[in-house]
*Asks:* 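Before I ask anything, let me first share the structure, which is written out below as structure tokens.
Every heavy atom of this structure was used, including side-chain atoms; hydrogens, water molecules and symmetry mates were not. Here is how names work: the chains are called A, B, and so on, in the same order as the sequence lines, proteins then strands, and each is numbered from 1.
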There are 2 protein chains.
Amino acid sequence: MLCPYCLNSETKVIDKRDNESLTKRRRECLKCSKRFNTLEAVERPEFRVIKKDGRRENFDYEKLKRGVLKACEKRPISSEKIDKMLARTEERLRKRGKEVKSTLIGDIVASELKKIDKVAYIRFASVYREFRELDDFKKEITFLVNR
Amino acid sequence: MLCPYCLNSETKVIDKRDNESLTKRRRECLKCSKRFNTLEAVERPEFRVIKKDGRRENFDYEKLKRGVLKACEKRPISSEKIDKMLARTEERLRKRGKEVKSTLIGDIVASELKKIDKVAYIRFASVYREFRELDDFKKEITFLVNR
DNA sequence: ATTACGAACACAATATATTGTGTTTTCCTC
DNA sequence: GAGGAAAACACAATATATTGTGTTCGTAAT
């Protein structure tokens with residue numbers, strides 16, 4: 001922890017108080033003796049999505065969910081399974097940093113769906129990856145069927 | 001520190017790593033045993049904002065950020081650029097003393113946005129400066145277009 | 001001016017986090 | 001599918017943070 005005044009990295013904790021989901025510590029720099037506070041919080045950084053045309057928007061979980069639910073429509077997949085899959089997806093995206101390309105979202109969702117339900121996967125892939133030719137479709141299906 | 005999964009408040013630290021000015025801890029919930037990370041960072045010293053009616057309130061970085069993000073919505077501006085711009089803005093405000101007028105915030109944000117993205121600038125200015133007349137708007141636009 | 005509340009301060013007894021090092025896993029890239 | 005980087009995992013010896021309680025100070029509301 002860097003002292004915000006002299007940038008020294010050795011500090012000690014003088015006091016600590018918890019507050020719901022936040023932990024506040026009072027620290028003292030071992031070098032310049034100045035005091036300052038720090039906050040500890042659960043890591044859940046926001047991230048943004050870069051669309052194909054370069055525009056940015058905040059990640060929208062509900063939007064992701066809608067897309068996935070649509071692909072899973074009428075398929076025998078429990079809500080629980082879907083929720084877990086969505087959580088995993090969000091985690092994977094979060095790990096990619098503060099900004100992720102929208103195409104990456106599609107890729108990750110696809111890879112997750114593939115693990116769960118082939119039909120849902122194909123449905124999703126056909127939309128998100130914008131399979132240009134029926135050929136791509138056919139290739140994917142052949143590939144899946146052969147396994 | 002609340003476990004983000006079961007909301008239990010007892011957790012233990014499994015690991016900790018420092019990274020420049022951030023401290024990352026890995027924790028385990030004593031109840032559900034799930035693991036999660038936390039981040040500790042220096043708390044920015046506070047300063048206050050004088051609102052138009054004279055009332056004071058603490059400067060709220062998140063609020064500032066929300067306003068700016070709103071103005072930048074759907075614009076091709078990277079998070080990094082926005083974050084830097086926000087940091088610069090906060091620094092400029094901080095230098096103005098322990099109390100700053102709310103109108104100053106608007107002016108500084110506007111001047112920063114102007115450097116980055118004209119559209120975002122106009123959006124922001126139209127809200128924060130409460131352009132009374134469409135005229136003001138028109139004038140600004142004409143001015144910008146002519147450059 | 002008075003009250004009330006949260007923030008800062010202090011301190012001592014105790015419990016828990018930290019550090020260093022090394023291994024394993026995950027997942028992105030090619 | 002292979003290679004490689006980053007994150008997670010593990011663990012033991014040691015140092016440091018935490019907790020509880022109480023006082024004081026600053027500032028907002030009355």
Side-chain angles (χ1 to χ4, degrees), chain A residues 1-5 8-31 33-45 47 50 84-85 87-115 129 143 146-147, chain B residues 1-5 8-51 53-60 97-100:
Chain A
M1 185 60 55
L2 289 190
C3 165
Y5 300 102
N8 182 47
S9 65
E10 271 111 36
T11 65
K12 67 175 175 185
V13 175
I14 299 296
D15 197 6
K16 163 190 177 270
R17 302 294 142 168
D18 283 353
N19 194 327
E20 291 175 30
S21 59
L22 285 175
T23 290
K24 187 172 186 172
R25 289 183 183 78
R26 186 142 186 84
R27 306 184 99 112
E28 182 174 313
C29 175
L30 296 183
K31 191 173 172 200
S33 298
K34 287 215 172 65
R35 293 179 169 192
F36 60 97
N37 296 327
T38 60
L39 284 181
E40 183 181 354
V42 171
E43 184 182 50
R44 197 151 277 288
F47 65 93
I50 307 174
K84 279 190 179 152
M85 175 276 199
R88 254 197 326 272
T89 302
E90 191 179 333
E91 274 317 295
R92 288 177 68 181
L93 288 171
R94 234 175 249 295
K95 281 187 195 148
R96 291 310 213 84
K98 284 194 316 184
E99 293 198 321
V100 299
K101 291 190 186 149
S102 60
T103 53
L104 180 64
I105 299 185
D107 289 347
I108 289 183
V109 168
S111 79
E112 289 290 341
L113 278 179
K114 204 170 192 170
K115 292 193 276 186
R129 287 163 140 190
F143 175 72
N146 288 343
R147 298 176 76 223
Chain B
M1 186 60 55
L2 288 190
C3 166
Y5 300 102
N8 182 47
S9 63
E10 271 112 36
T11 66
K12 68 175 172 184
V13 175
I14 299 295
D15 197 5
K16 162 189 177 272
R17 302 294 141 167
D18 283 353
N19 193 329
E20 294 173 30
S21 60
L22 286 176
T23 290
K24 187 172 185 171
R25 288 184 183 76
R26 185 142 186 85
R27 295 179 170 265
E28 182 174 316
C29 175
L30 296 183
K31 192 173 171 198
C32 72
S33 298
K34 286 218 173 62
R35 295 176 167 195
F36 59 98
N37 296 327
T38 59
L39 285 180
E40 182 182 354
V42 172
E43 179 188 59
R44 312 151 186 262
E46 296 205 336
F47 63 94
R48 324 202 77 222
V49 177
I50 308 173
K51 304 173 74 169
D53 61 9
R55 294 164 34 104
R56 271 48 172 192
E57 57 183 31
N58 289 333
F59 171 72
D60 183 343
K98 284 193 59 168
E99 291 199 323
V100 300

*Asks:* Does B/R55 reach a base, just sugar-phosphate, or nothing at all? Heavy atoms under 4.0 Å.
*Replies:* nothing
*Asks:* Below 3.5 Å is the cut-off: list the nitrogen or oxygen pairs between protein and nucleotides 11-14 of chain C, distance only.
*Replies:*
none

*Asks:* Taking A/F47's backbone N and O only, do any of them form a donor-acceptor pair with A/R94's side chain (distance below 3.5 Å, no angle check)?
*Replies:*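 No; zero donor-acceptor contacts below 3.5 Å.
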*Asks:* Could you state the atom-to-atom distance from CD of A/E10 to P of D/dA17 in whole Å?
*Replies:* 11 Å
*Asks:* If you compare every side-chain N and O of B/R25 against the phosphate oxygens of D/dA7 (OP1, OP2), does one of them come in below 4.0 Å?
*Replies:* no
*Asks:* Quick one: which of B/R25, B/K24, B/K16 gives a salt bridge (charged side-chain N to carboxylate O under 4.0 Å, His left out) with B/E40?
*Replies:* B/R25
*Asks:* Check whether any side-chain nitrogen or oxygen of A/R26 sits under 4.0 Å from OP1 or OP2 of C/dA10, and answer yes or no.
*Replies:*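 No, because none of the side-chain N or O atoms of A/R26 sits under 4.0 Å from OP1 or OP2 of C/dA10.
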*Asks:* For B/K12 and C/dA15, what is the distance between atoms NZ and C1' respectively, to the nearest whole Å?
*Replies:*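 Atom NZ in B/K12 sits about 13 Å away from atom C1' in C/dA15.
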*Asks:* What's the spacing between A/I108 CD1 and A/R92 CZ if we round to 0.5 Å?
*Replies:* 4.5 Å
*Asks:* To the nearest Å, give me how far apart CD (B/E40) and C1' (C/dA17) are.
*Replies:*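 Those two atoms, CD and C1', are 12 Å apart.
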*Asks:* Nearest 0.5 Å, please: how far is CD1 in B/I50 from CZ in B/R48?
*Replies:*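 With rounding to 0.5 Å, CZ (B/R48) is 9.5 Å from CD1 (B/I50).
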*Asks:* Rounded to the nearest angstrom, tell me the gap between atom CG in A/L104 and atom P in C/dC27.
*Replies:* 13 Å
*Asks:* Could you state the atom-to-atom distance from CG of B/D18 to P of D/dT16 in whole Å?
*Replies:*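 Checked: the CG to P distance equals 14 Å.
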*Asks:* Specify the separation, in whole Å, of atom CZ of A/R92 and atom P of C/dT26.
*Replies:* 12 Å
*Asks:* Quick one: is A/R96 getting a side-chain N or O under 4.0 Å of the C/dC28 phosphate, OP1 or OP2?
*Replies:*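 Indeed, a polar side-chain atom of A/R96 lies that close.
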*Asks:* Considering heavy-atom distances to DNA chain C, does A/I108 or B/K16 have its closest nucleotide positioned more toward the 5' end?
*Replies:*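 Nearest nucleotide further toward 5': that of B/K16.
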*Asks:* Considering heavy-atom distances to DNA chain D, does B/N58 or A/K95 have its closest nucleotide positioned more toward the 5' end?
*Replies:*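 Closest to the 5' end, via its nearest nucleotide, is A/K95.
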*Asks:* Rounding to an integer number of Å, can you tell me how far B/L30 CG sits from C/dA15 C1'?
*Replies:*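 Those two atoms, CG and C1', are 13 Å apart.
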*Asks:* For a quick check of understanding: with a heavy-atom distance under 4.0 Å over all strands, which category does A/N19 fall into, base, sugar-phosphate or nothing?
*Replies:* nothing
*Asks:* Using a cut-off of less than 4.0 Å, is there contact between a side-chain N or O of A/N37 and OP1 or OP2 of C/dA7?
*Replies:*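 For C/dA7, neither OP1 nor OP2 has a side-chain N or O of A/N37 closer than 4.0 Å.
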*Asks:* Taking atom P of C/dC28 as reference, at what distance in whole Å does atom CZ of A/R94 sit?
*Replies:*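 In whole Å, C/dC28 P and A/R94 CZ are 15 Å from each other.
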*Asks:* Could you list the residues that satisfy side chain to side chain donor-acceptor pair (under 3.5 Å) with A/K98, not counting sequence neighbours?
*Replies:*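 Scan of A/K98 (side chain to side chain donor-acceptor pair (under 3.5 Å), adjacent residues dropped) gives B/D83.
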*Asks:* If you apply the rule salt bridge (Lys or Arg N to Asp or Glu O under 4.0 Å), what do you find for A/E112 with A/K115, and how did you get there?
*Replies:* CA-CA 5 Å; A/E112 289 290 341; A/K115 292 193 276 186; 3.4 Å; yes
*Asks:* From C-beta outward on B/V13, which listed nucleotide comes closest to its side chain: C/dC9, C/dT18, D/dA8?
*Replies:* C/dT18
*Asks:* To the nearest 0.5 Å, how far apart are NZ in A/K101 and CG in A/D107?
*Replies:* 10.5 Å
